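What follows is a structure written as structure tokens; I'll ask about it next.
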Amino acid sequence: MNISRRSLMKTSVALAATSTALAPVSAFAQEGPIKVGIIDDASGDFAAAVIPKTQGARIAIDEINAAGGVLGRELELIHYDGQSDVRRHQEFAQRAILQDEVDVLMAGYTSSEREAARAVAVENETIFWHNNQGEGGIADEYSFFTGPVPEQQILPGLEYMVEKYGKRVYVLAADYGFGQVSAQWVQASAGMAGAEVVGLEFIPLGNSEFSSSIANIQNEEPDFLFLLLVGSAQSQYFPQAQAAGIAIPSISTVNLQQGYEHKLFPAPTLENLYVPVTFIEELAQEVESAQVFVDKVRAAFPDTEYVNQMTRCAYVAVHLMAKAWEAAGTTDTPAVLEALHSGLTFDAPEGPVTLDPATHHLAMDIRLAQVQPDHSVEFVEDFGVIEPWWLKEMGVNLADTPQSRQYLPGDDPDLAAFLE
Amino acid sequence: MGDIISFAYQYADSFALLALSSIGLVIIFGMMGVINMAHGEFMMIGAFGASFGFQWGLPLSLAIVTGVFAATAIGLLLERLVIRKLYGRLLYSLVATWGISLVLSQGALVLIGPSVPSLPNPFGTVSVGGMNFSVYRLFLVALAIALIVTLWALMRFTNFGLHARATMTEPDMAEALGVRTTRIYMVTFGLGAALAGFAGAIFGLSAQIQPTFGAAYTPIAFIVVVVAGSRNIIAGLLASALVLALVKTSFTVGFNILTGYVAMLVTALIIIRLSPTGILDLIGKLKALASQHRSSTAGTSAEETKNA
């Protein structure tokens, strides 16, 4: 290789010029907008459930910007379409953090999508939010959660069903991380409530044929069903069960509040389905602030199909982050983490929520919704504010001792006793 | 007894789903040799069309007809614009129709939205031996059988069927004999799209209708059609759906749903490995083997008699 001195000179001059030219730009970027990176599925199998989630984030960002932004800076939403694909979540998480340098990342509908994006965020010390209900148990310095966890949904919901309908429960769960861990929670909760799991089937994601499961349920004749079905393919269980004459009451921590199956299937397909919820659109019947929120969403997005749990979760997450940035006076991660550990509260659509510093989860109101024959929803029980207590019982206190792992029901001797 | 009825019901149900999912593709891929990756999207268009028809106030049957028309129209349009240029170019058709499938499902998401209301399901429940069964699912079984019989009659007894079979086997000779092969190609492709649209609209009675509605059916349809082979598409389809459904149902009942899928895929692999031209040739080979065995044993016994 022959590099002449002259060309070398030229190159270095050019390089110097570029770096001086870049310097003011990067200084300006510091004063530019605060970037909220969001990876939500706008296409693919989960799009119908996840599109309302992005709307919640947009509304929060518009509200905050209209009130003057955060630290005098505007919030900028950078949305990536996760395409209901785990690999896309990983790729976009890398792009958001390394290339677009987002100040916070909110991503993932399924637990597998969440983990793909979250791993990238944690590795790069970026604050991460997951904004729908999940299998719980994640204790991580950089990860925060706005959706309810098993001790807030499965435990109280199952107790209610056992008391009302009886002790024999049959479980259908999606066959991946969330479904498997949640099914363990159902087993443990059933054990604690003195009930018996008479059947447990894992359904592959994307499966839409339930004739064998339906036959098994008919043979077993349980008192109630616990459904953890994920995605539009699996939701075909509902019309098939109804067509086969199954009239057994059921409970779900996933269906209706995310995929609004009661709006998509004709009544009475989902009759007698119980769902423990933080928020669904019908909560507007009961709670004034929920009505205000629904009106806001519908005004901004007149074509929206349903204001679901995730609309609320994304909305709450953006507002809590804005509060943390304001309190920290900066977007630097250590200072923001400290602010997030200060016991932040926010008036969520369903009522006030508190961000628990020890677990990074929310203490929130939980109510039990019941689907009526005409697919309207009634709230049959108010569990009040439920703390995210389980991780604390496992000795987790993220405000004092940072760590990064997921606790499973089997790690808790009290729960493990009831697992097979 | 209850177990037997239940197994028979599940087997019939599984057969109907496999047969209906693949009946459009068996024409377009099995007969015409076009790898149609947009098969599921034709089904999606059928379901969307039916949902719109129903929302416009049409009775359910006419709403389903609307769905069939929509799928046929888009199928014919695509045949004119794209597919026509791809006959006999297998890999080109794979890439082109894959692109079409992405455009159709993403286009539906952008233009129509993430979902439309499902169709009402007018069928009830029937009780046999103390067990409840869905009349809708039994209707699917009857429909699958009726469609296969109709298709067979169409290909066997009508002028169109004769011309279509001639065009697919010897296009030049058919043309020389006065068959308008371009028209035959177009009508046959339209028929495949119509059947896919019909299956989609019927499945829409019991599913969420979304842009990704058809994606799950495409791979299943290909498995059934590849196993069916192209020698005699209708008998092949029947044999393929019957065998694969039997394997899938047995393993699902015996173990679980996942094992059912795996067993079905492994069976398909074994059949294709033993007989790349499809299940009918495999059955032929087995028959030949059996008769050879019979004749050889018959021969030995004849000798024995002679010796005695």
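Numbers restart at 1 for each chain; the letters A, B, ... are given by sequence-line order, proteins then strands. All figures in this text were calculated on a predicted structure; none of them were measured in a lab.
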- Are A:Arg168 and A:Glu221 ion-paired here, with the side-chain N under 4.0 Å from a carboxylate O? no
- Query: For A:Gly108, does its backbone N or O pair with a side-chain atom of A:Glu113 as donor and acceptor, under 3.5 Å?
  - Reply: no
- Measure B:Leu109 against the heavy atoms of chain A and call it side chain, backbone, both or neither at under 4.5 Å.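 Answer is side chain: those atoms of B:Leu109 sit under 4.5 Å from chain A.
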- Query: Where does A:Leu264 contact chain B at under 4.5 Å (heavy atoms): side chain, backbone, both or neither?
  - Reply: both
- Item | Atom group of A:Asn216 that falls short of 4.5 Å from chain B, counting heavy atoms |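 For A:Asn216, neither part sits under 4.5 Å from chain B.
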- So, the part of B:Phe133 with a heavy atom under 4.5 Å from chain A: the answer is backbone
- Task: May I ask you to decide if A:Pro52's main-chain N or O and A:Thr311's side chain share a donor-acceptor pair within less than 3.5 Å?
- Result: yes
- Quick one: what part of A:Glu209 sits under 4.5 Å from any heavy atom of chain B, side chain, backbone, both or neither? both
- Where on A:Asn219 is there a heavy atom nearer than 4.5 Å to chain B: the side chain, the backbone, both, or neither?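 Side chain only.
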- Looking only at heavy atoms, which two atoms of B:Val116 and B:Ser51 are closest? And how far apart?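 Here B:Val116 and B:Ser51 meet closest at CG2-OG, 3.5 Å.
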- Item | Atom group of A:Ser84 that falls short of 4.5 Å from chain B, counting heavy atoms | neither
- Given a strict heavy-atom distance threshold of 4.5 Å, which part of B:Asp13 is in contact with chain A: side chain, backbone, both, or neither? side chain
- Item | A:Gln187 side-chain N/O to A:Leu419 backbone N/O, donor-acceptor pair under 3.5 Å | no
- So is A:Lys53 actually on top of A:Tyr109's ring, under 6.0 Å and inside 45° of the axis? no
- Query: Tell me, side chain or backbone of B:Ser14 under 4.5 Å from chain A's heavy atoms, or both, or neither?
  - Reply: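 The answer is both parts of B:Ser14.
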- Without swapping roles, check the side chain of B:His39 against the backbone of B:Gly24 for a donor-acceptor pair under 3.5 Å.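 Checked: no pair found.
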- Item | For the student: nearest non-hydrogen atoms of A:Leu229 and A:Val254, plus distance | O-CG1, 3.8 Å
- Task: Output yes when a side-chain donor or acceptor of A:Ser376 lies under 3.5 Å from a complementary backbone atom of A:Gln372, and no otherwise.
- Result: no
- Message: Tell me whether A:Arg312 is salt-bridged to A:Glu281, with the criterion being a basic N under 4.0 Å from an acidic carboxylate O.
- Response: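 Salt bridge between A:Arg312 and A:Glu281, a charged N being under 4.0 Å from a carboxylate O: no.
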- With a 4.5 angstrom heavy-atom cut-off, which part of A:Ala241 approaches chain B: side chain, backbone, both or neither?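 When you check distances to chain B, no heavy atom of A:Ala241 falls under 4.5 Å.
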- chain A contacts: which residues in residues 201-214 of chain B have a non-hydrogen atom closer than 4.5 Å to it?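 Expected list: B:Ser206, B:Ala207, B:Gln208, B:Gln210, B:Thr212.
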- Message: Check whether A:His89 reaches the backbone of A:Asp85 with its side chain - one donor and one acceptor, N or O, closer than 3.5 Å.
- Response: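 Yes: the side chain of A:His89 pairs with the backbone of A:Asp85.
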- Query: Ignoring hydrogens and geometry, is there a side-chain-to-backbone donor-acceptor pair from B:Thr97 to B:Met37 under 3.5 Å?
  - Reply: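 Yes, B:Thr97 side chain to B:Met37 backbone: donor-acceptor pair under 3.5 Å.
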- Task: Tell me, out of A:Gly259, A:Pro266, A:Ala243, who's got the most heavy-atom pairs with chain B below 4.5 Å.
- Result: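 Option with the greatest count: A:Ala243.
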- Message: Only pairs of heavy atoms separated by less than 4.5 Å count here; which of A:Pro239, A:Ala233, A:Gly206 has the most with chain B?
- Response: A:Pro239
- Segment of A:Gln240 engaging chain B (4.5 angstrom heavy-atom cut-off):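 It is both, since atoms from each part get that close.
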